[in-house]
Chemist: 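One structure, pasted below without further comment.
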Amino acid sequence: MAQAAAVAKPPAPPRRRRASATPRRLPYLLIAPAALLMLGFIAYPVLSVFYYSLQNFNPTKPWRNGYAGFDNFVQIFTKDTQFWDTLTFSAKWVIVEVGLQLLFGLALALIVNQTFVGRALGRALVFSPWAVSGVLTSAIWVLLYNSQTGITRYLADAGIGSYGTSWLSDTSTVFPAAIVADLWRGVPFFAILILADLQSVSKDLYEAAEVDGASRLKQFWHITLPHLKDAIVLSTLLRAVWEFNNVDLLYTLTGGGPAGETTTLPLYIANTSVDAHNFGYASALTTVAFVILLFCSMVYLRLSKFGGDEK
């Protein structure tokens, strides 16, 4: 009996080889060079800004350099009136620009989403300004606003206005002129994102709405807009951050003038660091701008319920 039980006993299962740790670590090893580059080119400069914000650092006046503590921040909020002026203009610039770009971008996306002859060409023309760099956009509009060869000369030939008028040097026209120049490049960004989201809206929803007698306006309000909510929230947030940090266009068009009328906070920071060489104070201004953008972004995403389900 014992011999039979020994014969009937099944063989022991083969030992499993210990899985090598290399395949599991391979993805991390592959992304390690890119992660190190990002750490070097992004994290280090950001941390350097925070460090220099607590310093008096001016290469042209090395005898004044040293630890300043929170003196730079105290000066920003208590003594620097230009900071509040530039921050106010930055808020005005972002609200007007992003609002208009969203409206025109949404309108263009709805138009090019329709079926018509030459739709491909129309889409290409709508999206083409977004492919132009910011500096080249500024150069184009500087030529268009030139008092000798630009728009104002042809308007004067038609009896509208006078010769030699420059919209960029007049405090009453410089803001609308800058707005129009940036709209030309910013509107396609919204049109691209919104059109991409419009492609995913089911046509069955519109057909069912038509059967129920819903008008075009009701279809837009109850079907299109709810579907575009996340795309609109994301695009407005991204564009608001970019417009707040807009330097190239305003610097090339107006240089912050006339009389500081178009000086945004980032442009003020650039002038403080590059022209005045006051890198410590400019770093403190940059830190304040970063905190403002971070706080506003968090509040905006919280209030808009980005990514949440509609109730």
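Any value given below was found using the heavy atoms of this structure, including those in side chains, with hydrogens, waters and symmetry copies removed.
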Chemist: Who pairs with Asn65 by side chain to side chain donor-acceptor pair (under 3.5 Å), at least two apart in sequence or on another chain?
Modeler: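 By the side chain to side chain donor-acceptor pair (under 3.5 Å) rule, Asn65 matches no residue at all.
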
Chemist: Just by modelled atom types, is the Ala178 backbone N or O under 3.5 Å from a matching donor or acceptor in the Asp182 side chain?
Modeler: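 No.
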
Chemist: Sequence neighbours excluded, which residues qualify as side-chain contact (heavy atoms from CB on, under 4.5 Å) partners of Ile111?
Modeler: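 Listed in chain order: nothing, the list is empty.
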
Chemist: Please report the closest heavy-atom contact between Glu97 and Ile179, naming both atoms and the distance.
Modeler: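 For Glu97 and Ile179, the tightest heavy-atom pair comes out as OE2-O, 2.9 Å.
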
Chemist: Other members of the hydrophobic cluster containing Phe41, with the 4.5 Å side-chain heavy-atom rule, please.
Modeler: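 Traced through the cluster, Phe41 reaches Leu37.
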
Chemist: With ring pair (Phe, Tyr, Trp, His ring centres under 6.0 Å) as the test, pick out the partner of Phe83 among Tyr268, Phe73, Phe77, Phe89.
Modeler: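 So the option named by the test is Phe77.
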
Chemist: Of all residues at least two apart in sequence or in a different chain, which pass the salt bridge (charged side-chain N to carboxylate O under 4.0 Å, His left out) check with Arg123?
Modeler: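 Expected list: none.
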
Chemist: Checking Glu243 now: which residues fulfil salt bridge (charged side-chain N to carboxylate O under 4.0 Å, His left out) with it, not counting sequence neighbours?
Modeler: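 Glu243: salt bridge (charged side-chain N to carboxylate O under 4.0 Å, His left out) contacts with Arg239.
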
Chemist: Where the side chain of Asn72 meets the backbone of Ser53, is there a donor-acceptor pair that is under 3.5 Å apart?
Modeler: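 Yes, the answer is positive, given that a donor and an acceptor are paired below the 3.5 Å cut-off.
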
Chemist: Among residues at least two apart in sequence or on other chains, which ones pass side chain to side chain donor-acceptor pair (under 3.5 Å) with Asp248?
Modeler: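 Once residues adjacent in sequence are excluded, Asp248 has no partner under the side chain to side chain donor-acceptor pair (under 3.5 Å) criterion.
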
Chemist: Once side-chain contact (heavy atoms from CB on, under 4.5 Å) is applied, do any residues pair with Ala91, and if so which ones, sequence neighbours excluded?
Modeler: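 With neighbours one apart ignored, the set is empty.
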
Chemist: So, using side chain to side chain donor-acceptor pair (under 3.5 Å) as the criterion, who are the partners of Tyr281 when residues are at least two apart?
Modeler: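 Per chain and number, Tyr281 pairs via side chain to side chain donor-acceptor pair (under 3.5 Å) with Asp80.
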
Chemist: Are any of the side-chain heavy atoms of Gln82 and Thr86 separated by less than 4.5 Å?
Modeler: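 The answer is yes; the side chains approach within 4.5 Å.
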
Chemist: List the residues meeting side-chain contact (heavy atoms from CB on, under 4.5 Å) with Leu155, not counting sequence neighbours, and say none if there are none.
Modeler: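 Once residues adjacent in sequence are excluded, the partners of Leu155 under the side-chain contact (heavy atoms from CB on, under 4.5 Å) criterion are Ile151, Ile160, Trp167.
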
Chemist: With sequence neighbours left out, write down each residue that passes side chain to side chain donor-acceptor pair (under 3.5 Å) with Thr262, or none if nothing qualifies.
Modeler: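 Side chain to side chain donor-acceptor pair (under 3.5 Å) check on Thr262 returns Thr254.
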
Chemist: To check you understand the geometry: which heavy-atom pair defines the closest contact between Ala191 and Val126, and what is its length?
Modeler: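 Heavy-atom minimum between the residues: CB-CG1, 4.2 Å.
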
Chemist: For Phe70, does the CZ atom sit with more than 12 other heavy atoms under 6.0 Å from it, leaving out its own atoms?
Modeler: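 Not more than 12 within 6.0 Å, no.
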
Chemist: Where the side chain of Thr149 meets the backbone of Asn146, is there a donor-acceptor pair that is under 3.5 Å apart?
Modeler: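 Looks like no, no N/O pair under 3.5 Å.
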
Chemist: Quick one: side-chain contact (heavy atoms from CB on, under 4.5 Å) partners of Ile192, sequence neighbours excluded?
Modeler: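 So Ile192 forms a side-chain contact (heavy atoms from CB on, under 4.5 Å) with Phe127, Trp130.
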
Chemist: Ignoring hydrogens and geometry beyond distance, is a side-chain donor-acceptor pair present between His277 and Thr272 at under 3.5 Å?
Modeler: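 Note: His277 and Thr272 side chains miss the donor-acceptor criterion.
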
Chemist: Taking transitive links into account, so neighbours of neighbours count too, which hydrophobic residues share a cluster with Ile42 at under 4.5 Å side-chain distance?
Modeler: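 Via sub-4.5 Å side-chain contacts, Ile42 links to Met38.
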
Chemist: Among Leu108, Ile232, Leu238, Thr236, find the residue that satisfies the side chain to side chain contact (heavy atoms under 4.5 Å, CB included) test when tested with Phe190.
Modeler: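 Exactly one option meets the side chain to side chain contact (heavy atoms under 4.5 Å, CB included) with Phe190, and it is Thr236.
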
